[in-house]
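Here is the structure we will look at.
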Amino acid sequence: MASGMCASTVLLLALVPAGRHIVTTTDCYRKTRIFIETILPKMGITATVIDPADIGALESVLNQKKVTLFFTESPTNPFLRCVDIELVSKLCHEKGALVCIDGTFATPLNQKALALGADLVVHSATKYLGGHNDVLGGCISGPDKLVSAVRTLHHILGGAINPNAAYLIIRGMKTLHLRVQQQNSTAQRIAEILEAHPKVRCVYYPDLPSHPEYHLAKRQMTGFGWVVSFEVDGDLLTTAKFVDALKIPYIAPSFGGCESIVDQPTIMSYWDLKESERAKYGIMDNLVRFSFGVEDFEDLKADILLALESI
Ligand SMILES: *Cc1c(COP(=O)(O)O)cnc(C)c1O
Ligand SMILES: *[C@@H]1O[C@H](CO)[C@@H](O)[C@H](O)[C@H]1NC(C)=O
């Protein structure tokens, strides 16, 4: 499909009948949340929003309502929270609900959500599958019956991927396994360095024992990806100063390509919200989301340490 958003919005429109109920999670890609909260209600579709680890909340909504679909990311954006895919799939299937995982943060190499029990997986190919920060695309995997229903609506709504974008994604995927290895390992090593650094307040990365779903992530993922979110010990301006002092990464809101990218959500992806609204989603002024590229590990480490020293 033409983009990741196209994949998830068409999937939701195709598989959730008007007037039905879905479940989603608190931490999630902002545009997906906006679609669920403002566009789906026009079709009478309502949503219960739960914490990614709150199995009790999932069970209670499954018991109280006829739920059509549980739609979530794992890991989520930007806090890399993980959902127990095997367990939620079992609980949802007992009540006749489908499970769709947005696996963009994991890639199909680090996590196999369909094998864990999910019915459908969507990916924004704009990120890791394309891998070069130069193309938009999205895809859906799952059984023929479900994917065909999505495809029928997709052909009505449009949003087909253009041939050049498809070509760039095929070309990018040839090096996916190599990029995943390098970026997994850089992100994991730097997450540990950041966590031990006095100018960093906390680090969000599933491969750190401090992460709330550390044990779960170890069980259901084989690598933990290239995005590390962390809070600098300082306010909005100190954090912006840190971001500006970095020499290697581009300052941009995407991730998953060969070039490292850094994002300060308060003044970028969430710039239009008031502080109180951002706080609802846990977006603090000092939050930084770093996507590691394929640059040399020592160069990236030196760049980050120098920038931290400068604040
Ligand atoms: C980027 C992203 C999307 C949207 O993808 P586009 O290709 O930019 O439309 C959806 N979900 C997640 C988790 C993403 O990171
Ligand atoms: C991802 O990185 C981890 C840790 O460095 C490694 O153990 C794992 O094999 C990697 N996964 C892939 C698919 O390369």
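Atoms within a ligand are numbered from 1 in the order they appear, just like the ligands themselves.
Counting non-hydrogen atoms of neighbouring residues, nucleotides and ligands closer than 6.0 angstrom, the CZ atom of R171 reaches no more than 12 such neighbours. Applying the 6.0 Å contact sphere to NZ of K199 captures more than 12 heavy atoms from other residues, nucleotides or ligands.
Remark: of the listed residues V203, L305, L300, L300 is the sole one forming a side-chain contact (heavy atoms from CB on, under 4.5 Å) with I190.
With salt bridges taken as basic N to acidic carboxylate O contacts below 4.0 Å, none links R33 and D27. For K301 and D296, the salt-bridge test fails: no basic side-chain N is under 4.0 Å from an acidic carboxylate O.
Applying the ring pair (Phe, Tyr, Trp, His ring centres under 6.0 Å) criterion to Y205, with sequence neighbours excluded, gives no partner residue.
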Pairs under 3.5 Å, nitrogen or oxygen of ligand 1 with protein nitrogen or oxygen:
| residue | atom | partner | partner atom | Å |
| --- | --- | --- | --- | --- |
| ligand 1 | 5 (O) | S124 | OG | 3.0 |
| ligand 1 | 7 (O) | G4 | N | 2.7 |
| ligand 1 | 7 (O) | S124 | OG | 2.8 |
| ligand 1 | 7 (O) | T126 | OG1 | 2.5 |
| ligand 1 | 9 (O) | G4 | N | 3.2 |
| ligand 1 | 9 (O) | M5 | N | 2.9 |
| ligand 1 | 11 (N) | D102 | OD2 | 2.6 |
| ligand 1 | 15 (O) | K127 | NZ | 2.7 |

